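Comments concern the structure below.
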Amino acid sequence: MSSAKHKALDDLMRPLARWCLRHSMQFQDLEEIAKLALVEVAKTSLEQRGEKVTASRLCLITGLQRREVTRLLEQKSFNEERSNPVVSK
């Protein structure tokens, strides 16, 4: 990573780290949220360009393992189903 990218990321992470510590958030929680955000942004980017979304493509873009990408996609899908229940009439 170039020093400019490293500095920019460091500038973004420090306030986030302060917030996490202030709210007793552990690294594992932050890591899970970061992974999910990477997968969601990569998926949205592919969809906006009209490209096929597959776990393999998301792995290449994010650097996460296929098993992890699949788990995150399934978790997100499950959470969306729970937050948007279908109400039968």
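The analysis underlying the following values was restricted to heavy atoms, covering all of them including side chains, and did not include hydrogens, waters or symmetry mates. Fair warning: this is a prediction, and the values are worked out from it, not measured in the lab.
For Glu31, the CD atom counts as densely surrounded, since its 6.0 Å shell holds more than 12 non-hydrogen atoms of other residues, nucleotides or ligands.
In this structure, CG on Asp10 lies 7.0 Å from NZ on Lys7, to the nearest 0.5 angstrom.
Every residue two or more places apart in sequence or in another chain was checked for a salt bridge (charged side-chain N to carboxylate O under 4.0 Å, His left out) with Arg18, and none qualifies. The side chain to side chain donor-acceptor pair (under 3.5 Å) check on Thr54 picks up nothing, with sequence neighbours excluded. Judged as a side chain to side chain donor-acceptor pair (under 3.5 Å), and not counting sequence neighbours, the contacts of Arg57 are Glu51.
Annotation: ring-ring contact (aromatic ring centres under 6.0 Å, His included) contacts involving residues 23-47, sequence neighbours excluded, comprise Trp19-His23. Pairs engaging residues 36-59 under the ring-ring contact (aromatic ring centres under 6.0 Å, His included) rule: none recorded [sequence neighbours left out]. Within the structure, the ring-ring contact (aromatic ring centres under 6.0 Å, His included) test picks out no pair touching residues 47-73 (sequence neighbours left out).
Criterion: ILVMFWY side-chain heavy atoms under 4.5 Å apart, direct or through other members. Under it, Leu16 and Leu9 are part of a common hydrophobic cluster. Met25 and Leu38 sit in two unconnected hydrophobic clusters of ILVMFWY residues. Membership requires side-chain heavy atoms under 4.5 Å apart, directly or through other members.
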Table please: side-chain donor-acceptor pairs of residues 61-73 below 3.5 Å, with sequence neighbours left out.
residue: Thr62; atom: OG1; partner: Leu58; partner atom: O; Å: 2.8
residue: Thr62; atom: OG1; partner: Leu64; partner atom: N; Å: 3.2
residue: Arg66; atom: NE; partner: Ser56; partner atom: OG; Å: 3.3
residue: Arg66; atom: NH2; partner: Ser56; partner atom: OG; Å: 3.0
residue: Glu68; atom: OE2; partner: Lys35; partner atom: NZ; Å: 3.0
residue: Glu68; atom: OE2; partner: Arg71; partner atom: NH2; Å: 2.7
residue: Thr70; atom: OG1; partner: Arg66; partner atom: O; Å: 3.0
residue: Arg71; atom: NH1; partner: Glu32; partner atom: OE2; Å: 2.9
residue: Arg71; atom: NH1; partner: Gln75; partner atom: OE1; Å: 3.1
residue: Arg71; atom: NH2; partner: Glu32; partner atom: OE1; Å: 3.0
residue: Arg71; atom: NH2; partner: Glu32; partner atom: OE2; Å: 3.0

Output, in order, the C-alpha distance, side-chain angles, deciding distance and verdict of side-chain contact (heavy atoms from CB on, under 4.5 Å) for Ser45 and Arg49.
CA-CA 6 Å; Ser45 177; Arg49 293 190 311 242; 3.0 Å; yes
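At least one side-chain heavy atom of Glu47 sits under 4.5 Å from a side-chain heavy atom of Val53.
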